[in-house]
Visitor: 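Could you have a look at this structure, given as structure tokens, before my questions?
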There are 2 protein chains.
Amino acid sequence: MGENKTRRRARQPERNPLSRADVVDAALRYVDEHGLDALTMRALAKEMGVYPTALYWHVGTKAQLVAATSARVLENVVLPSRHDLPWDEWLTDVARLIRNAMHRHPNLAPIIGSELVVTTTALPFVERVVDVLERAGFSGPDLVHTYNAFVGFVLGWVTMELSKNPVDVEEGWQKDYAAELRAANPNTFPALTRNLGILENSAFLTRWDSGRENPLDSSFEAALEALVLGLRTRLA
Amino acid sequence: MGENKTRRRARQPERNPLSRADVVDAALRYVDEHGLDALTMRALAKEMGVYPTALYWHVGTKAQLVAATSARVLENVVLPSRHDLPWDEWLTDVARLIRNAMHRHPNLAPIIGSELVVTTTALPFVERVVDVLERAGFSGPDLVHTYNAFVGFVLGWVTMELSKNPVDVEEGWQKDYAAELRAANPNTFPALTRNLGILENSAFLTRWDSGRENPLDSSFEAALEALVLGLRTRLA
DNA sequence: ACCTGAACACCGTTCAAGT
DNA sequence: ACCTGAACACCGTTCAAGT
């Protein structure tokens, strides 16, 4: 029984106390491995060899833990040095880095897309982007709009790319949907059926795989190029 | 007691059976009024005067109900006639219509942004967009990329706009964050502090209100204009 | 076909108590 | 300061039973 106790606490060799960062790190690993739905305070506590209520002391509440975990995804992005690149190329690089970071933790994309309003850890990122846009010549309301256009596009677009179907739908629904799509009436859906070969499983609303398994690389590149092109035109 | 029974069942005067559409409609209203987190099978059942397990017969499972409910948000969008507008103006109009629809049901934006992979009810929408892009001159892979650029931008950007903080953070955090933002060090954050007046509560990652209360209208217009401008340039 | 009613295996969170 | 341990008020879902 004493043995039982020490085994349960075998999380650390010398049992130094938990930190908030420890919990967030463990949550990130847990979500990466088991998915966001599987993250419960009880499951994470068991994984860490601790009682569920111990987590509350460090992270406050589950919603706050999830928010901190999703913020971590973007904190790890290292922005390129700003001085050796034109502003539009710098933006393009940053967009790709952000997308890569999100693809590394796809299970947290829903949270980034829908709960990321504000976090102090993002200020260095904001500083860099605003600085680059200012040097490019944007100012006043147009500076804010360009910033919002860029940030909203990257985070939002990749969130959509990484979206997935709810887990509980029965196995084999992909084949069912593919069959349904191919059976679409050419009279009511002429453009769709005409282009089905290039649309199926490659376009939003007509794909069955998520961007996790089936990334939309060249669509992202095309969208990014178009947006930056348009921003440059608006600047001039 | 007999009276009790009839009162509990007073949902309909003559007690005609529930339909799947009834449940989805009720769920949409419930989420609009009480929020997505408040939607539980038990609460919705109580609202409908029925036992929780009755809902399962119609909608399968909670995840499927939520998916059907979020799809409903976009099903109500009526696309403008395609024949009297140039393709780029048509796209701009459609983007605004979709944004308006999402703003009407902001509590479902998280689901639209993160779970909308595929739904047969979207095929008429896909048909119209593909048709317009084809007539504009896009074809092959570029048709798919342009479609994805547009759809991913609109749905993703507005999802970001409508994102909100987790509910449980304590009252008054907005003021705390505003103070923290205004206390940012001008030496480490020169561009940020220089433009704080126009950034605060108006830009992604530096706002505390959601797009529900504080819509980013002109940022959306600027982003949309830039994207469509860029798509037009890429076409030529 | 459609719904009731009971039951199961979970949740997040609070709170008093220990060290 | 940091964690245990019990307890509360919920969840989604399954399944047998009714009509």
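All chains are named by letter (A, B, ...) in the order of the sequence lines, taking the proteins before the strands, and each is independently numbered beginning at 1. Just so it is clear, the model here is predicted, and its values are computed rather than measured.
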Visitor: If you measure from the Lys or Arg side-chain nitrogens to the Asp or Glu carboxylate oxygens, is any gap between A:Arg99 and A:Glu161 under 4.0 Å?
Guide: yes
Visitor: Sorted by first residue and then second, give each salt bridge (charged side-chain N to carboxylate O under 4.0 Å, His left out) pair with at least one member in residues 112-121 of chain B; sequence neighbours left out.
Guide: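 Passing the test, one end in residues 112-121 of chain B: no pairs.
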Visitor: Rounding to an integer number of Å, can you tell me how far B:Leu65 CG sits from D:dT13 C1'?
Guide: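 Taking CG of B:Leu65 and C1' of D:dT13, I get 14 Å after rounding.
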Visitor: Is a salt bridge present between A:Arg96 and A:Asp217, judged by a nitrogen-to-oxygen distance below 4.0 Å?
Guide: no
Visitor: Answer yes or no: does a side-chain N or O of B:His58 lie under 4.0 Å from OP1 or OP2 of C:dC3?
Guide: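 Answer yes for this pair, as a side-chain N or O of B:His58 is under 4.0 Å from OP1 or OP2.
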Visitor: Between A:Arg72 and A:Asp25, does any side-chain N to carboxylate O distance fall below 4.0 Å?
Guide: yes
Visitor: In whole angstroms, how far is the C1' atom of C:dC2 from the CG atom of B:Asp22?
Guide: 13 Å
Visitor: Under 3.5 Å for both distances, Watson-Crick or G-U wobble, that's the pair rule; now give the dot-bracket for DNA chain C, with | marking pairs to another strand and [ ] for crossing ones.
Guide: ||.|||||...|||||.||
Visitor: Assess the pair B:Phe150 and A:Trp157: is the distance between their ring centroids shorter than 6.0 Å?
Guide: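 Centroid distance B:Phe150-A:Trp157: not below 6.0 Å, so no.
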Visitor: Return the polar atom pairs (N/O with N/O) between nucleotides 6-12 of chain D and the protein under 3.5 Å, or none.
Guide:
unit_1: D:dG12; atom_1: OP1; unit_2: B:Met41; atom_2: N; d: 3.3
unit_1: D:dG12; atom_1: OP1; unit_2: B:Lys62; atom_2: NZ; d: 3.3
unit_1: D:dG12; atom_1: OP2; unit_2: B:Met41; atom_2: N; d: 3.1
unit_1: D:dG12; atom_1: N7; unit_2: B:Arg42; atom_2: NH1; d: 2.4
unit_1: D:dG12; atom_1: O6; unit_2: B:Arg42; atom_2: NH1; d: 3.0

Visitor: Who pairs with B:Arg194 by salt bridge (Lys or Arg N to Asp or Glu O under 4.0 Å), at least two apart in sequence or on another chain?
Guide: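 Scan of B:Arg194 (salt bridge (Lys or Arg N to Asp or Glu O under 4.0 Å), adjacent residues dropped) gives A:Glu134.
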Visitor: Could you give all pairs that pass the side chain to side chain donor-acceptor pair (under 3.5 Å) test and reach residues 197-206 of chain A, with sequence neighbours left out?
Guide: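 Applying side chain to side chain donor-acceptor pair (under 3.5 Å) to every pair that reaches into residues 197-206 of chain A, excluding sequence neighbours, yields A:Arg182-A:Glu200, A:Asn201-A:Asp209.
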Visitor: Return the set of residues passing side chain to side chain donor-acceptor pair (under 3.5 Å) with A:Asn100 (not counting sequence neighbours), or none when no residue passes.
Guide: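 Checked A:Asn100 against side chain to side chain donor-acceptor pair (under 3.5 Å); zero matches.
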